[in-house]
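Values below: every heavy atom of this structure, side chains too, minus hydrogens, waters and symmetry copies. Each ligand, and each atom within it, is numbered from 1 in the order the structure gives.
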Amino acid sequence: MAKFHERVFSGVQPTGNLHLGNYLGAITKFVALQKSYECIYCVVDLHAITVPQAPRELEANTREVTAAFIASGVDPVRHIIFNQSQVSEHAELGWIFNCVARVGWLNRMTQFKEKAGKDRENASVGLYSYPTLMAADILVYRATHVPVGDDQKQHLELSRDIAQKFNNDFAESISRRGFGDGYFPLPEPLIQGPATRVMSLRDGAKKMSKSDPSDYSRLNLSDDADAIAQKVRKAKTDPEPLPSEEAGLEKRPEAQNLVGIYAALAETTVAAVLGQFGNANFSTFKTALVDLAVARLGPICTEMKRLQGDQKYLDDVLKDGADRARVIAAANMRDIKGILGFIR
Ligand code: TYM
């Protein structure tokens with residue numbers, strides 16, 4: 001396989017209620033990766049409209065995600081932050097990938113099954129082909145590394161399958177144009193650390209999600225200190241004290257979740273947290289967790305609110321990012337069209 005220029009790409013949907021799962025599963029990774037990679041972070045508004053969105057809310061939510069990236073420490077000058085719809089090459093490559101991916105592959109996607117629910121006939125076609133657009137997001141930049149939470153693993157595997165099939169189907173044309181034995185890299189998912197799957201605070205069997213009707217199920221990045229304290233205190237637990245070994249967390253999903261959250265926020269391991277809090281009761285542990293969550297999330301919440309008050313700045317960041325992203329995407333799209341046999 002050819003050697004590819006290393007590049008990070010990831011995306012977050014502007015669908016409101018940005019929460020601790022998004023922060024620990026994805027955004028903290030975005031920040032850390034900036035040190036070693038060239039990074040492109042996208043607010044995926046084209047993905048958001050696979051389910052109905054009120055236009056005014058979509059605008060506000062797009063700015064909210066942009067503010068969250070910047071407030072968390074993503075640098076929009078050295079790296080790229082933009083919203084997907086400003087770079088039309090995403091949709092263009094998405095169509096091409098609709099013609100590469102197989103119906104059987106999409107039929108296996110568990111997220112579609114969950115989101116479409118029982119009324120599948122009434123789901124949008126976009127919701128069904130969502131993963132081909134996601135593959136296009138990544139591959140239009142020929143990105144090599146993709147930081148995501150655990151729930152996106154299957155979509156990343158599909159992106160790799162699409163890249164592989166394109167490389168195979170067009171091998172002769174790719175090599176004739178001097179791109180060696182593959183035009184697309186097989187993008188590598190980066191799913192690491194103690195909080196790749198943050199669970200609901202009300203039910204340790206359910207993922208923390210933007211769409212859970214109970215606001216007590218999640219810590220939102222927009223929550224103030226009082227809200228954080230209340231939600232953590234009300235978080236579901238069991239009657240036992242915390243174990244001192246990791247094995248003791250088995251079959252205790254709520255305890256496991258809170259300890260994982262603590263470890264991620266403290267940038268340490270689950271074993272180290274249990275070393276400190278083993279045999280403690282939940283009220284002691286929750287008090288420490290509230291202090292830690294407020295210390296970590298409080299400044300981000302304040303900075304997000306400040307940035308959200310400066311709409312022009314946020315819109316300028318997105319436009320500037322889109323202009324720079326488009327340069328890369330357009331050059332790659334030219335190659336891709338040539339490979340396919342489209343006259344340019
Ligand atoms: P989205 O908007 O649902 O979530 C954004 C990121 O947050 C992660 N995440 C979680 N991590 C841990 N615990 C949780 N409870 C939790 N909930 C969400 C997600 O895994 C994701 O990393 N399809 C993507 C957006 C997307 C994308 C892309 C990502 C579109 N194109 C290309 C990577 C590359 C999504 O819906 O994320």
Side-chain angles (χ1 to χ4, degrees), residues 7-30 33 39-51 53 58 61-62 64-66 68-69 72 82-85 87 90-91 93-94 97 109-112 114-115 126-127 129-160 162-163 187-212 217-221 253 256-257 260-261 264-265 325 329:
R7 180 177 281 148
V8 167
F9 181 93
S10 196
V12 174
Q13 292 198 65
T15 40
N17 297 333
L18 216 52
H19 55 70
L20 185 70
N22 302 127
Y23 179 67
L24 294 178
I27 301 173
T28 55
K29 313 286 171 58
F30 297 1
L33 288 162
C39 302
I40 305 177
Y41 298 126
C42 186
V43 188
V44 291
D45 47 10
L46 296 174
H47 277 111
I49 64 160
T50 55
V51 297
Q53 301 295 333
L58 183 59
N61 291 336
T62 300
E64 184 195 27
V65 176
T66 309
F69 286 175
S72 304
F82 74 107
N83 59 312
Q84 195 183 22
S85 61
V87 179
H90 288 244
L93 185 58
F97 285 170
M109 296 294 114
T110 54
Q111 186 166 302
F112 174 74
E114 279 160 24
K115 289 204 172 166
L127 189 66
S129 69
Y130 180 114
T132 60
L133 179 61
M134 186 163 155
D137 296 338
I138 300 164
L139 293 169
V140 82
Y141 302 100
R142 301 167 93 197
T144 51
H145 295 81
V146 186
V148 282
D150 179 71
D151 61 340
Q152 295 301 314
K153 197 170 172 185
Q154 195 185 34
H155 288 161
L156 257 293
E157 278 159 14
L158 188 90
S159 299
R160 292 168 65 91
I162 290 176
E188 201 180 306
L190 301 175
I191 306 175
Q192 290 147 351
T196 57
R197 191 173 181 83
V198 177
M199 307 309 277
S200 158
L201 299 179
R202 308 298 291 158
D203 177 353
K206 260 182 26 195
K207 197 179 66 173
M208 184 177 286
S209 113
K210 293 170 185 158
S211 56
D212 193 313
S217 69
R218 62 185 162 258
L219 294 184
N220 298 308
L221 290 187
Q256 188 171 29
N257 189 38
I261 290 173
L265 286 171

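Ring centroid separation for the pair Phe112 and Tyr130 does not come in under the 6.0 Å cut-off.
Side-chain N/O atoms of Asp45 and Thr62 include no donor and acceptor closer than 3.5 Å. If you check the side chains of Asp137 and His90, you find a donor sitting under 3.5 Å from an acceptor. Side-chain contact of Asp151 with Gln111: a donor-acceptor pair under 3.5 Å is absent, judged by distance alone.
Under the 4.5 Å side-chain criterion, counting only non-hydrogen atoms from C-beta, Arg218 is not in contact with Arg202.
Annotation: Asp137 places an N or O atom under 3.5 Å from an N or O atom of ligand 1; distance criterion only.
Ligand-side atoms of ligand 1 in range of His47: 30 (C), 31 (N), range being under 4.0 angstrom from any heavy atom.
Counting only non-hydrogen atoms, the option in Val148, Ile27, Asp151 that gets closest to atom 19 (C) of ligand 1 is Asp151. Taking all heavy atoms of Leu190, Thr50, Asn22, Asp212 into account, the minimum distance to atom 5 (C) of ligand 1 is reached by Asn22.
The shortest heavy-atom distance from Met199 to ligand 1 is not under 4.0 Å. Remark: distances from the non-hydrogen atoms of His19 to ligand 1 include one below 4.0 Å.
The side chain of Val44, and not its backbone, has at least one atom closer than 4.0 Å to an atom of ligand 1 (non-hydrogen atoms only; side chain from C-beta on).
Looking only at heavy atoms of the protein, atom 36 (O) of ligand 1 is closest to Tyr130 OH, 2.7 Å. Of all protein heavy atoms, the one closest to atom 12 (C) of ligand 1 is Thr196 O, 3.2 Å.
With Ser159 contributing its side chain and His155 its backbone, the two residues share a donor-acceptor pair below 3.5 Å.
Each of Asn83, Thr66, Val65 was evaluated against Pro14; a single residue qualifies, Val65, per the side-chain contact (heavy atoms from CB on, under 4.5 Å) test.
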